[in-house]
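Lettering follows sequence order; numbering is per chain, from 1.
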Amino acid sequence: MESSRGPSKGQIVRALIETADLEEVVSDNPFRSRAFRAAARTIDAWSGDFARAVESGELTSIQGIGKGIADFVTEMWTTGASARHEELRELVPPGVRRMLDVPGLGPKKVRTLWRELKIESIDALKEACSEGRVAKLKGFGKKTAENILAGIGYLESVGGRYLLPEAEAVASQICEYLRSGPPIEKLEVAGSLRRRRETVRDLDVLAVTSDPQALSDHFIHFTEVETVIAQGDTKTSVRLVNGMAVDLRIVKRSQFPFALVYFTGSKEHNVRLRSRAKDRGLKLNEYGLFPEGSARSKRCADEKAIYRALDLDWIPPELREDLGEIEAAEQGAVPRLLEAREIQGIVHAHTTWSDGKATLEDLARAVKAAGYSYLGISDHSQSAFYAGGLDPDRVRAQHEEIDRLSEELEGFRIFKGIESDIRADGSLDYSDDVLESFDFVIASLHSHFHLPEEEQTARVLRALESPYTTILGHATTRLLLRREGVELDLDRVLVRAAELGVAIEINANPYRLDIDWRYGPRARELGVYTSINPDAHSLPEIGYVRFGVDMARKAGWPPDRVINTYDAAGFEAFCKRRRGA
DNA sequence: GCCGTTTTCGGCCCGACTGTTTTCAGTCG
């Protein structure tokens with residue numbers, strides 16, 4: 001079939017990232033690779049009309065996109081490929097690029113292995129290490145070869161990322177253990193966990209203690225520690241038996257706020273802060289903020305003071321991704337972020353009526369006991385036979401139970417909802433008269449994941465058009481660390497959702513966290529509503545809503561656009577307004 | 001590769017730690 005459109009923005013972003021990796025291997029100038037990687041990030045996060053920007057030649061007006069990368073993008077857009085990108089792919093075998101993922105191997109060593117020993121795959125690398133060929137290379141040695149083998153083993157065993165709740169659990173275990181040792185004055189987990197990223201690669205723990213040596217020794221004797229990667233005066237790195245890397249940094253009390261900013265990151269955010277410090281004749285590092293030529297840091301009692309010294313408002317950790325937060329802080333426009341206590345109702349929960357583990361009554365009582373004032377039940381619809389989806393008769397029967405239960409539970413509302421499959425053609429899963437009987441409808445994709453983007457987008461847009469659709473559930477169906485989401489033009493979905501007043505769910509299941517927080521700025525700009533939903537299939541899973549709040553914060557989603565922060569009457573009004581009632 | 005009202009060339013954040021070296025390059029975050 002002939003395609004009238006060129007590659008999507010996503011494909012171009014992926015090509016830029018791959019080019020960055022490949023340039024890293026072939027080029028002596030690390031800044032070239034960095035420029036490609038930064039451009040990929042910028043374009044990915046850029047919310048304007050991409051097609052128009054490319055076609056009008058306005059790309060270079062975006063900070064970080066110069067002539068070279070604009071040409072790269074334009075060439076891909078018009079011809080479907082970039083000559084430089086293709087050339088690099090010819091030049092560098094895919095196995096060589098994969099070698100960059102081995103911990104301890106960077107571009108220089110990879111290039112040496114490739115050029116000197118003609119190693120072009122992880123397997124060949126393993127063999128060369130075992131046979132002693134790697135140790136003989138100049139600049140390498142026996143220890144280096146051993147480390148490479150260990151790094152490959154790590155890569156093959158776990159792949160290296162963990163879901164947010166897993167990382168959080170390990171972190172609190174470590175903190176509890178550390179507190180059982182030498183006296184600790186301050187202890188904080190920084191890094192991507194503090195930024196509440198949806199997945200975490202390693203943990204950064206920051207401590208102030210009067211006896212650094214003793215704390216470091218105590219740390220490496222934690223039962224879960226498998227290997228000690230490094231142990232120095234201020235930094236101790238270990239790998240746990242589950243594969244997770246943990247860094248413990250020990251600093252002086254006066255250095256703590258600086259270290260907290262530094263180790264919270266992100267790296268890109270830090271680079272911006274440091275360059276900003278430099279512009280002001282200052283040097284920022286993890287130990288302080290130093291006037292040029294001075295060894296004495298300015299005093300900053302906390303993070304706020306550091307940001308203030310750089311003429312910025314304080315930026316919550318969740319926003320520190322260099323996606324516009326620094327500009328916002330410059331203009332006093334850092335958004336107010338949602339707080340977990342603002343959530344008033346639990347929406348999107350499954351019961352034993354379909355594939356949930358808890359009965360409707362147990363669920364309702366648990367939600368009430370947790371302090372919420374309403375529950376929106378949403379079992380599966382009839383097409384979801386694999387999950388015990390409800391046919392119209394069972395829908396009526398469930399509604400009778402809800403009515404009965406509602407009378408018993410004073411001061412608590414139960415809304416009648418359904419998680420309706422979006423059928424292949426984009427229609428909802430019941431006739432209008434059945435749909436009419438619900439207070440709200442969550443429309444979700446549960447099948448036909450492999451449609452081409454254009455068709456999938458049309459399908460979802462059609463589901464949005466139904467006046468019965470209140471919320472679009474887990475928009476992309478991605479499962480973190482397991483499965484990619486469907487091909488979907490989310491920008492078009494957001495635009496239409498904003499026009500129609502359909503909420504886009506933030507599914508708070510830790511595997512989903514879908515819609516991705518990176519769409520937050522665009523959603524904010526369009527005024528899209530969301531609902532932060534646990535998609536609970538058991539009582540404990542009600543607690544997932546917390547991770548959804550984390551994502552709403554990262555997204556900078558305005559609290560007044562989160563419909564389950566409304567009271568029951570407000571939530572009901574939103575649902576009715578959508579239906580035109 | 002990108003950027004610039006001190007610059008169109010020469011910068012591009014900064015430090016800890018390791019391993020292979022006799023003073024430093026590479027990697028990492």
### Task
Ignoring backbone atoms, establish whether A/Lys278 has a side-chain N or O less than 4.0 Å from OP1 or OP2 of B/dC12.
yes

#### Entry: Any A/Tyr287 side-chain nitrogen or oxygen under 4.0 Å from OP1 or OP2 of B/dA16
yes

### Task
Starting from the 5' end of DNA chain B, give me the residue, A/Asp233 or A/Gly68, whose nearest nucleotide shows up first.
A/Gly68

### Task
May I ask you to decide if the ring planes of A/Tyr544 and A/Phe547 are parallel, tilted or perpendicular, using 30° and 60° as cut-offs?
tilted

### Message
I need the CG-C1' distance between A/Asn29 and B/dC12, as an integer number of Å.
### Response
9 Å

### Task
Would you mind reading off the distance between A/Arg34 atom CZ and B/dC28 atom C1', rounded to a whole angstrom?
13 Å

### Nearest-nucleotide comparison on DNA chain B, the residue closer to the 5′ end among A/Leu100 and A/Ala70
A/Ala70

### Side-chain N,O (A/Thr19) to OP1/OP2 (B/dG1) below 4.0 Å
no

### Task
Check the angle between the aromatic planes of A/Phe72 and A/Phe36 and answer parallel, tilted or perpendicular using the 30° and 60° thresholds.
perpendicular

### Message
Measuring to OP1 and OP2 of B/dG26, would you say a side-chain N or O of A/Lys108 lies under 4.0 angstrom away?
### Response
yes

### Query
Is there a Watson-Crick or G-U wobble partner for B/dC28 with both distances under 3.5 Å, and which nucleotide is it?
B/dG15

### Message
Please classify the nucleic acid contact of A/Phe263 as base, sugar-phosphate, or nothing, using heavy-atom distances under 4.0 Å.
### Response
nothing

### Task
Answer yes or no: does a side-chain N or O of A/Lys143 lie under 4.0 Å from OP1 or OP2 of B/dG19?
yes

### Query
Of the nucleotides B/dT18, B/dC12, B/dT27, which has the atom closest to the A/Ala230 side chain?
B/dT18

### Task
Report yes if the distance between the aromatic ring centroids of A/Tyr177 and A/Phe222 is under 6.0 Å, otherwise no.
yes

### Task
Give a yes or no on whether A/Arg115 atom CZ has more than 12 heavy-atom contacts from other residues, nucleotides or ligands under 6.0 Å away.
yes

## Note on the structure
Separation of B/dA16 atom P from A/Tyr262 atom OH, nearest Å, is 9 Å

